[in-house]
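A short write-up of the structure that comes next.
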2 protein chains.
Amino acid sequence: MTAKRITIQDVAREANVSVTTISRFLNARYEAMSQETKKRIEQVIEELDYHPNALAQGLKGNRSRMIAVIVVKLSYPFCVSLIRSLSNALTPEGYNVIVCETEGDPKREAHVLKTLLGQQIDAIVIQTNGDNLTELETISKSVPVILVDRKFKLPHATNVLTDNYEASMKMTNHLYAEGYQNVFYVTETPNAISTRSERLQGYLDSSSRYHRTPHVEIVKRGDDVSMQSVVERIKENISKRPIALYTANALIFHEIYPHVQQIDWPSPEKLGLATFDEPDWIKLISPSLTCVRQPVPEMGAWVANLLLQQFKDGYEQPDEAHLKIIPSELIKSESTRLDRGDGTVSDTL
Amino acid sequence: MTAKRITIQDVAREANVSVTTISRFLNARYEAMSQETKKRIEQVIEELDYHPNALAQGLKGNRSRMIAVIVVKLSYPFCVSLIRSLSNALTPEGYNVIVCETEGDPKREAHVLKTLLGQQIDAIVIQTNGDNLTELETISKSVPVILVDRKFKLPHATNVLTDNYEASMKMTNHLYAEGYQNVFYVTETPNAISTRSERLQGYLDSSSRYHRTPHVEIVKRGDDVSMQSVVERIKENISKRPIALYTANALIFHEIYPHVQQIDWPSPEKLGLATFDEPDWIKLISPSLTCVRQPVPEMGAWVANLLLQQFKDGYEQPDEAHLKIIPSELIKSESTRLDRGDGTVSDTL
DNA sequence: CTGTTAGCGCATTCAA
DNA sequence: TTGAATGCGCTAACAG
């Protein structure tokens, strides 16, 4: 039934050389081998359709050529994009990507880490809530641990993210500068996650810089009532002056948009719409949506490069934490265009 | 630097038993072991924070506890959803999911399969274009190969998909029954992929059943001109009678919607809108979108179960191909509601 | 109830 | 330029 797997022994026998020579061939150490032998081996391998057993190689070399990517939720575009870029950069180099989802649950995260520990994973890239930092600290002793998206101080790990504070500040600046009198910032409950709090802070600081009263609206994803009530509050204010609605991420935007739509949209003149994140359904919004494009593919590529480098040089636990910031891009679009007709821009800063 | 890994030997020594006993413990064969010993081992493992080396286990048992999921593109909701459901079902059972993206490129697919061959993958779940069937056939000799989403006859593999023909037929029926005189079917170039051709055929057969002229519009994703021209053609016809636009998948819908929107929407009275697939941005469309919901999570769960079963029983290459169809669900919604005011439904069949 | 031992497939000394 | 021998960490006979 099950076809017997071809091993290095079979190849050696067939090629009339020792397994050592085959091993050398596999590891591209051709310098210690006659052209003849090399060619013969090549042939035999082809004939037998031989594929070295990665498990055995790994057992020997104490590596698995596998990299774990642990994300909160696969349905978040951020996560998918990250995985894609990592996978695209690492697969050609012979590494496989294992994906794990935590749903933001510390227990699931812990469980995943535990399993992975036995898998001889070569590296961990993780979007964490920060509930298993000591565990991660331990892991980073033996393999690279890279924290993405969220800021945490792990003494010996690399942390890759965008400057959420600055990007959010720029976005808010843009909205005020464009002429919106008030910006309603819609976010989920602020918590310890840096991403969330920094975006909020960026908004707050911009507001204070422009001497405007901040309007922070807390919503709960999946709770239509909370979304609707934000819209109600906007309605109360909108009569007087143009208002902008700025959501802390695309998921919130996605949920609140249907409500906004039924009320004062499309009309950037009265209500500007903007969001953090560049959603993949952005084309569906018309007029086109102003947003913050996070450099996720770049982040993935950067991480992949770092890892490949470390694999080549041999990993050593870094002495100190390293923080890598990749800037986001503000995409100004129609959904926040306030055409005042007089050609001026009322930057009231 | 790198902390020495704890091995089964260390545990054995510390617990004053042989490695065999530890091994038994690890494999939950407690029946051959005193309570005392068991407890001691438990303790030591805890103390030493020991994690069995999965590579070594795999090398021995000729399995890796890893399952490869090969999809066309991670940015397709179908793929993400499939991976999620597989991962959710398999992770708790101690299996890891390796994801691979092919972009529909036969070469990339071949390359991925080749690498995987060495990884001692325990199973392959693949959404293929059918360019490497002989390779897959070979692989299925030793591990389960499950084809998803698309129909191919691999003599010894399981094929899981939805009935695209029937679902598309039902959708089209619905549109005609609702009173739309013409249905414009928008698809990419029909090709060998069953998914695509069957959806088209379902549309065609429904049209002929309703004695309507089919209007098949071929577009190219990423080509706005092709999208726009479909809309132009619809405009030419729309004056007389209500027309429905039905896209072969959500990606096409996503691209054509902005064009439609600028012309005759929202007005299901004149132009009905429907799509195969239930996109995750569906809430953004208003009035709510009529669509075909594919049972992707169910497919994933079914596949996961099958695999777990086969792992338990020991895999044997099946004698014949097995086709598993999981029905889709037609979601009738506002975007194709033709209110004729007289309370009747003009089912002109 | 417990231990000894022989590989799993490969990479790597050390010799030749 | 090549090979024999050892062991990576674990499991599974086979003994006791």
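Just so we're on the same page: letters track the sequence lines, and every chain starts at 1.
Among the protein residues, A/R29 comes within range of the sugar-phosphate backbone only, with heavy atoms under 4.0 Å from sugar or phosphate atoms but none that close to a base. B/Y50 comes within contact range of the sugar-phosphate backbone alone, with a heavy-atom separation under 4.0 Å but no base atom that close.
When the side-chain nitrogen and oxygen atoms of B/Y30 are compared with OP1 and OP2 of C/dT2, none of them lie within a distance under 4.0 Å. For C/dA11, the OP1/OP2 oxygens have a side-chain nitrogen or oxygen of A/Q57 closer than 4.0 Å. Applying the 4.0 Å criterion to OP1 and OP2 of C/dC8, one finds that A/N53 has every side-chain N and O outside that range.
Here the side chain of B/S85 pairs a donor or acceptor atom with the backbone of B/L82 at under 3.5 angstrom. Of the possible polar contacts, none joining the B/N96 side chain to the A/I98 backbone as a donor-acceptor pair under 3.5 Å is found.
What separates CG of A/N62 from C1' of D/dC8 is a distance of 8 Å, to the nearest Å. Rounded to a whole Å, the NZ atom of B/K60 is 14 Å from the C1' atom of D/dG7. Atom CD1 in A/I8 sits roughly 15 Å away from atom C1' in D/dT6 (whole-Å rounding). In this structure, the CZ atom of B/R63 is 13 Å from the C1' atom of D/dG9, given to the nearest Å. Distance CG (B/L59) to P (C/dC10): 9 Å, rounded to an integer number of Å. B/R5 has its CZ atom 9 Å from the P atom of D/dG9, to the nearest Å. Per the geometry, CZ belonging to B/F25 stands 18 Å off C1' belonging to C/dG3, to the nearest Å. Summarising the geometry, the separation between CG on B/L26 and C1' on D/dG9 is reported as 11 Å, rounded to the nearest angstrom.
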I'd like a table of atom pairs between the protein and nucleotides 1-4 of chain D - only N or O on both sides, under 3.5 Å - with the distance next to each one.
| from | atom 1 | to | atom 2 | distance (Å) |
| --- | --- | --- | --- | --- |
| D/dT1 | O3' | A/S34 | N | 3.4 |
| D/dT2 | OP1 | A/S34 | OG | 3.4 |
| D/dT2 | OP1 | A/T37 | OG1 | 2.6 |
| D/dT2 | OP2 | A/S34 | N | 3.0 |
| D/dT2 | OP2 | A/T37 | OG1 | 3.2 |
| D/dG3 | OP2 | A/S18 | N | 2.7 |
| D/dG3 | OP2 | A/S18 | OG | 3.3 |
| D/dG3 | OP2 | A/T21 | OG1 | 2.8 |
| D/dG3 | O6 | A/R24 | NH2 | 2.5 |
| D/dA4 | N7 | A/T20 | OG1 | 3.4 |
| D/dA4 | N6 | A/T20 | OG1 | 2.7 |

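Side chains of A/Q57 and A/N53: a donor-acceptor N/O pair is absent below 3.5 angstrom, by distance only. Of the N and O atoms on the side chains of B/N129 and B/R150, at least one donor lies less than 3.5 Å from an acceptor on the other residue. No donor-acceptor contact under 3.5 angstrom links the side chains of B/S23 and B/T20, judged on distance only. Defined by atom type and a distance below 3.5 Å, a donor-acceptor pair is present between the side-chain atoms of B/S140 and B/Q317.
Using a cutoff of 4.0 Å between basic side-chain nitrogens and carboxylate oxygens, A/K324 and A/E298 are not scored as salt-bridged. A salt bridge is defined here as a Lys NZ or Arg NE, NH1 or NH2 lying under 4.0 Å from an Asp or Glu carboxylate O, and B/K114 with B/E109 fails to meet this definition.
Annotation: the terminal axes of the helix from C/dC1-D/dG16 to C/dA16-D/dT1 meet at 40°, where each axis is the rotation carrying the C1' atoms of four end pairs onto the next four (5 pairs per end, rounded to 10°).
Ring geometry for A/F311 against A/Y95 counts as parallel: the plane angle stays under 30°, on a 0 to 90° scale with 60° as the upper cut.
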